[in-house]
Enquirer: 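Structure in structure tokens, see below.
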Amino acid sequence: CSAINACETSNGGCSAKAECRRTSPGNRVCVCNAGYTGDGIVCIEINPCLENNGGCDRNAECTQTGPNQVSTLSGYSGDGKRCTYISLCSQNNGGCSEFAICNDTELTERTCTCKPNYIGDGFKCRGNIYQELLRNSNTSKFYFHLQALSIKDIAGPGPFTVFVPRTDILNSDPRVKDWIAKGVMAQILRYHMVGCASLLYNDLTTITDITSLHGDLIHISYSQNSLILNDKAEIILSDAVGTNGVIHVINQILVP
């Protein structure tokens with residue numbers, strides 16, 4: 001005769017989540033596996049979240065992911081037992097402008113506030129118009145001409161309105177080299193600036209003449225939904241507002 005192994009077939013009638021243990025010939029006991037509870041015939045997962053938040057950190061949401069397993073609350077990093085708050089501002093300034101201050105407010109929220117001497121919504125912040133000239137490829141050449149001649153009028157408190165010939169125009173117009181050689185480039189540049197006023201596109205539609213920092217008038221006409229300066233230069237990009245004025249981009253150089 002040989003002893004009957006009660007666990008040999010069908011796990012001895014125990015649950016698939018249980019271990020069948022032989023006790024004596026023909027007999028066995030069923031013991032639920034770790035993470036499960038029951039009589040061995042029926043075993044169910046233990047939900048660790050039912051007591052003491054499953055042993056999770058107070059900043060963790062206990063979510064049962066398996067027998068006796070939990071996960072971490074969104075907005076935190078860790079193993080669930082210990083959680084560390086993830087600051088939205090810690091990466092890429094929270095998506096705010098490089099000229100803005102990022103402040104965490106809630107787990108998944110933050111505010112973006114432009115730094116002093118900048119204006120905007122926090123995601124896009126602008127400084128004075130002298131600074132903004134450099135940040136735009138359409139206006140950067142005008143900035144370099146100002147810098148070369150140490151002209152910093154529009155870096156002051158303002159307000160100013162500036163009509164900037166687009167970079168490719170300044171690069172391609174052969175007269176620019178002549179003006180520089182003759183020492184009159186500063187006069188040309190100042191003829192594109194207006195002091196004591198920050199004039200948006202809509203404001204300009206109601207004006208016929210304005211005086212430049214050079215001292216000469218700039219004539220403005222409005223027809224066919226376009227603003228034309230001195231009957232030649234058209235405003236093609238408008239209303240780039242800075243802390244001390246506004247920039248308009250034009251498609252020709254103004255000559256006094």
Side-chain angles (χ1 to χ4, degrees), residues 97 99-100 112 114 117-147 149 151-180 184-256:
S97 165
F99 305 112
C112 302
C114 292
N117 300 319
Y118 288 87
I119 59 172
D121 59 7
F123 297 98
K124 185 174 182 180
C125 298
R126 299 176 298 277
N128 66 50
I129 55 177
Y130 184 74
Q131 296 170 314
E132 293 305 307
L133 288 173
L134 181 60
R135 299 191 184 113
N136 189 319
S137 60
N138 287 314
T139 59
S140 58
K141 188 65 176 182
F142 191 83
Y143 171 87
F144 290 127
H145 280 300
L146 293 177
Q147 188 181 52
L149 295 169
I151 299 173
K152 295 186 177 180
D153 306 61
I154 57 173
F160 300 100
T161 301
V162 184
F163 303 103
V164 181
R166 200 173 55 203
T167 289
D168 60 317
I169 304 297
L170 286 170
N171 284 335
S172 61
D173 194 318
R175 296 176 298 173
V176 171
K177 289 184 178 179
D178 292 336
W179 291 329
I180 294 173
V184 298
M185 191 62 184
Q187 298 173 43
I188 298 293
L189 295 174
R190 285 196 170 96
Y191 186 53
H192 292 77
M193 308 174 193
V194 176
C196 302
S198 180
L199 300 170
L200 299 177
Y201 190 92
N202 286 340
D203 299 323
L204 294 170
T205 62
T206 65
I207 299 172
T208 56
D209 293 289
I210 48 177
T211 304
S212 70
L213 291 186
H214 173 259
D216 287 355
L217 291 177
I218 300 172
H219 178 67
I220 303 173
S221 56
Y222 183 71
S223 64
Q224 298 181 342
N225 296 321
S226 295
L227 273 173
I228 309 297
L229 308 182
N230 290 350
D231 299 322
K232 291 183 178 180
E234 180 184 354
I235 294 179
I236 53 177
L237 296 170
S238 62
D239 295 353
V241 178
T243 57
N244 65 341
V246 60
I247 298 168
H248 304 288
V249 179
I250 55 179
N251 64 355
Q252 288 195 45
I253 300 174
L254 301 178
V255 181

Enquirer: Answer whether the closest heavy-atom distance between the side chains of I154 and L133 falls below 4.5 Å.
Expert: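 Result yes, sub-4.5 Å side-chain heavy-atom pair found.
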Enquirer: Do you know the tightest heavy-atom contact between S212 and I218?
Expert: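 Looking at all heavy atoms of both residues, the shortest contact is CB-CD1, 4.1 Å.
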Enquirer: Using the side-chain hydrogen bond (donor to acceptor under 3.5 Å, both in side chains) criterion, which residues pair with N230? Sequence neighbours excluded.
Expert: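 N230 satisfies side-chain hydrogen bond (donor to acceptor under 3.5 Å, both in side chains) with Y191 only.
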Enquirer: Can you measure from CZ (R166) to CD (Q252) and round to the nearest 0.5 angstrom?
Expert: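 Here the interatomic distance stands at 10.5 Å.
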Enquirer: To the nearest 0.5 Å, what is the distance between CG on L204 and CD1 on I210?
Expert: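 Output value for this atom pair is 6.0 Å.
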Enquirer: To the nearest 0.5 Å, what is the distance between OH on Y130 and CG on D153?
Expert: 10.0 Å
Enquirer: Determine whether N117 and T243 satisfy the following criterion, side chain to side chain contact (heavy atoms under 4.5 Å, CB included), listing intermediate values before the conclusion.
Expert: CA-CA 7 Å; N117 300 319; T243 57; 5.6 Å; no
Enquirer: Determine yes or no for a side-chain-to-main-chain donor-acceptor pair under 3.5 angstrom, with N244 supplying the side chain and G156 the backbone.
Expert: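 Indeed, once roles are kept as given, a pair shorter than 3.5 Å links the two residues.
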Enquirer: How long is the span from the CD1 atom in I188 to the NE2 atom in H214, to the nearest 0.5 Å?
Expert: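 These two atoms lie 7.5 Å from each other.
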Enquirer: Testing the basics here: between P256 and D216, what is the closest heavy-atom pair and its distance to 0.1 Å?
Expert: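 In this case the closest contact between P256 and D216 is CB-OD2, 3.3 Å.
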Enquirer: How long is the gap from NE2 on H219 to CG on D209, to the nearest 0.5 Å?
Expert: 6.0 Å
Enquirer: Take L146 and M193 through the side chain to side chain contact (heavy atoms under 4.5 Å, CB included) test and state the conclusion after the steps.
Expert: CA-CA 12 Å; L146 293 177; M193 308 174 193; 3.2 Å; yes
Enquirer: Testing the basics here: between T167 and T139, what is the closest heavy-atom pair and its distance to 0.1 Å?
Expert: OG1-N, 3.7 Å
Enquirer: Please evaluate residues F163 and H248 with respect to the criterion ring-ring contact (aromatic ring centres under 6.0 Å, His included), reporting the C-alpha separation (whole Å), side-chain torsions for both, the decisive distance (0.1 Å), and the verdict.
Expert: CA-CA 5 Å; F163 303 103; H248 304 288; 5.7 Å; yes
Enquirer: How close do V246 and I129 get, heavy atom to heavy atom, and via which atoms?
Expert: N-CG2, 3.8 Å
Enquirer: If you apply the rule side chain to side chain contact (heavy atoms under 4.5 Å, CB included), what do you find for L134 with F144, and how did you get there?
Expert: CA-CA 8 Å; L134 181 60; F144 290 127; 3.6 Å; yes
Enquirer: Roughly how far, to the nearest 0.5 Å, is the CG atom of L170 from the CG atom of N138?
Expert: 11.0 Å
Enquirer: Are any non-hydrogen side-chain atoms of D231 and S221 less than 4.5 angstrom apart?
Expert: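 Yes; the side chains approach each other to less than 4.5 Å.
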Enquirer: Is the backbone N or O of L199 less than 3.5 Å from a side-chain atom of T161, with the two atoms forming a donor-acceptor pair by type?
Expert: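 Yes, because the side chain of T161 sits within donor-acceptor range (under 3.5 Å) of the backbone of L199.
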Enquirer: Quick check against the 3.5 Å criterion: does D121 have a side-chain atom that pairs as donor or acceptor with the backbone of K124?
Expert: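 Pair found, side chain donor or acceptor close to backbone of K124.
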Enquirer: Test side chain to side chain contact (heavy atoms under 4.5 Å, CB included) on V241 and L200; report intermediate values, then the result.
Expert: CA-CA 8 Å; V241 178; L200 299 177; 3.8 Å; yes
Enquirer: Would you name the heavy atoms of T211 and L217 that are closest together and state the gap between them?
Expert: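 Smallest heavy-atom distance, with atoms named: OG1-CD2, 3.2 Å.
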Enquirer: Angle class for the F99/Y118 ring planes (parallel below 30°, perpendicular above 60°, tilted otherwise)?
Expert: parallel
Enquirer: I253 versus H192: any side-chain heavy-atom pair under 4.5 Å?
Expert: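 SC-SC contact between I253 and H192 confirmed.
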Enquirer: Could you tell me whether the side chain of C114 reaches within less than 4.5 Å of the side chain of I119, counting heavy atoms only?
Expert: no
Enquirer: Taking the side chain as every heavy atom from C-beta outward, state whether I250 and I235 have any pair of such atoms under 4.5 Å apart.
Expert: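 Yes, their side chains come closer than 4.5 Å.
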Enquirer: On a heavy-atom basis, which atom in D203 and which in S198 lie closest, and how many Å separate them?
Expert: OD2-O, 3.9 Å
Enquirer: Are the side chains of I247 and F142 in contact, using a 4.5 Å heavy-atom criterion?
Expert: no
Enquirer: With R126, which residues qualify under side-chain hydrogen bond (donor to acceptor under 3.5 Å, both in side chains), at least two apart?
Expert: none
